[in-house]
J.: 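Please read through the structure below; I'll follow up with questions.
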Amino acid sequence: MDFELKTLTLAGAAAEKCDALIVLVTESFKAASDPLSALVAGALKAGDLETKPGKLLHGYRSAGLAATRVILAGAGDGSARRIQSAVQTAVSGFRNTAIKRIAICLPHDAGAGAVRAAVAATAETSYAYVATKSKPEGRALVRVTLVVADAARFSAELATARGVAEGIELARELANLPPNLATPTRLGQEAKRLAKAPGFKCEVMGPKEVAKIGMGSFMAVAQGSHEPLRFIVLRYNGTAVGDAPVVLVGKGITFDSGGISLKPGPEMDEMKFDMGGAASVLGVFRALVDLRPAVNVVGLIPSCENMPDGRAYKPGDILTSLSGQTIEVLNTDAEGRLILCDALTYAERFKPRAVVDIATLTGACVIALGGVRSGMFASDDDLAHALHKAGETAFDPCWRMPLDEEYAEGLKSNFADVANIAGRAGGAITAAKFLQRFAGKFPWAHLDVAGTAWKSGAAKGSTGRPVGLLVEYLLGLQTKPQARAKGTARRAA
Ligand code: BES
Ligand code: MN
Ligand code: ZN
């Protein structure tokens, strides 16, 4: 799917040949004398069109219009948020149709964020999973023209929006794949493929290398499965090699059965999405391939299955993590923190400016925040503020949660330095407190995306979150002095 910008008035848009022309109509709509304006003004006057987002009025082969269909769509106050929901509503009507080319007329006074909102909504709504269907009916849309008053003003915004959309789409596609295809090995191959772009590097380690490093906690989770584990290290250099990188750590459990502490049957299929954190890291790197911001980024993905087996780890086992801390396993279903803790310790070697882990970590976070906001925990206020702000801008919001020391009380163990679970109360927070023990040497944040990485029910599928938040955060680092302290030179492509 290709996006392009065009400078046109509504009079010009009337001559735009396409399968469907979407006209966003805001509260401040002012009619000119062209046919399209007259159509909108007439519909508003007659009360057949409302400017509330979600309201649509359809026309077919209307006089004076080159487009086959015209869709007038209420866009409220014209804010990016309203544009996003208006485009979502309009484009969702194109599912299972042959509509290939569309044009979207943004409000003539559209401000920053409008193009981004329209691109994100179009990409999101027109995505179709086909990878494992025998009769694939994919996305029909091939060209989307964004009609604006001044295309030059939006060209940088369009480039960002495209890059982010590509990243989100890769994350969705990988997370939607079934667990027999999206194995740790496959994730390693996807990482290698991404790293073919200039400025990128990738190393994929297997069981032998991980044992040699001493990731005893990660290895224990993997040992119940026949699928070999992978530890993926992705690197992107967008600025001087010596500049401290941001490290992203993604939970890559490609199937979480719970292990010996087996999960109940209903909805267990959804535990294929337990690699959503890993998929989001790969999605961010996909966006970096296109956007090439002046920042260094490392992606770390510990990936394995969590399965019950004669060789599986079990409650009571004591593991020795890479950090040297010993861990008593009280529940094999609290496996995410056990693979992440070793990756967090590994992150120390990059002397990072910040480490952000992304994980579908706890059912408790779904109870706390539902599917609207991801849970965000941070040891550093600046990092917390930057992530929060990025989430708001990217329409991929998060909410900061507490890390008081008292929450760590329940993790005490009689037989090891720490236990892998505490009681039921505050489960998302106690999980974060566990991780924090391994993140003492750098500014650290943890995004619990258990509620936001995928949707259940009829709309079951990956959302690609929090790729939008993370890319926005990384782009924001470019202008900060720290990123430029040691030189602004970009590495040659
Ligand atoms: N992957 C799950 C978390 C999860 C559960 C995400 C349901 C989305 C929906 C994680 O590995 C897990 O099983 N967590 C346990 C922790 C518990 C044993 C302390 C949970 O949340 O029940
Ligand atoms: Mn689990
Ligand atoms: Zn899990």
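Read the numbers this way: they start at 1 and go in the same order the structure lists the ligands and their atoms.
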J.: Of all N, O or S atoms in Asp256, identify the one at the shortest distance from the Mn ion (ligand 2).
T.: OD2

J.: Can you give the angle Asp333 OD1 - the Mn ion (ligand 2) - Glu335 OE1, rounded to 10°?
T.: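 Between OD1 of Asp333 and OE1 of Glu335, at the Mn ion (ligand 2), the angle is about 120°.
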
J.: Please report, to 10°, the angle around the Zn ion (ligand 3) from atom OE2 (Glu335) across to atom NZ (Lys251).
T.: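 Between OE2 of Glu335 and NZ of Lys251, at the Zn ion (ligand 3), the angle is about 90°.
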
J.: How many angstroms lie between atom OG of Ser92 and atom CG of Leu56, to the nearest 0.5 angstrom?
T.: 7.5 Å

J.: Is Asp274 paired with Lys251 through a side-chain N to carboxylate O contact shorter than 4.0 Å?
T.: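 Salt bridge: yes.
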
J.: Output the atom name for the N/O/S atom of Asp274 with the smallest distance to the Zn ion (ligand 3).
T.: OD2

J.: Kindly give the atom name of the N, O or S atom of Asp256 closest to the Zn ion (ligand 3).
T.: OD2

J.: Can you tell whether the side chains of Arg172 and Glu169 come within less than 4.0 Å, N to carboxylate O?
T.: no

J.: With a 4.0 Å cut-off, would you call Asp381 and Arg400 a salt bridge?
T.: yes

J.: Non-hydrogen atoms closer than 4.0 Å to ligand 1: which protein residues do they belong to? List them by chain and number, please.
T.: Lys251, Asp256, Lys263, Met271, Asp274, Asn331, Asp333, Glu335, Arg337, Thr360, Leu361, Thr362, Gly363, Ile421, Ala450, Trp454

J.: Has Asp333 got an N/O/S atom less than 2.8 Å from the Zn ion (ligand 3)?
T.: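 No N, O or S atom of Asp333 is closer than 2.8 Å to the Zn ion (ligand 3), so no.
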
J.: Whether Lys192 and Glu203 form a salt bridge (side-chain N of Lys/Arg under 4.0 Å from carboxylate O of Asp/Glu) is what I want to check.
T.: no

J.: So that I can tick it off, tell me whether Glu406 and Lys433 are bridged by a salt bridge, with the cut-off set at under 4.0 angstrom between side-chain N and carboxylate O.
T.: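 Not counted as a salt bridge, because no side-chain N and carboxylate O are separated by less than 4.0 Å.
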
J.: Run the ring-centre check on Tyr346 versus Phe231 and record whether the distance is less than 6.0 Å.
T.: yes

J.: What class does the angle between the rings of Trp399 and His388 fall in, given that below 30° is parallel, 30 to 60° is tilted and above 60° is perpendicular?
T.: perpendicular

J.: Between Arg286 and Asp290, does at least one N-O distance fall below 4.0 Å, as a salt bridge requires?
T.: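 Looking at Asp290 together with Arg286, the answer is yes, because their closest N to O distance falls below 4.0 Å.
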
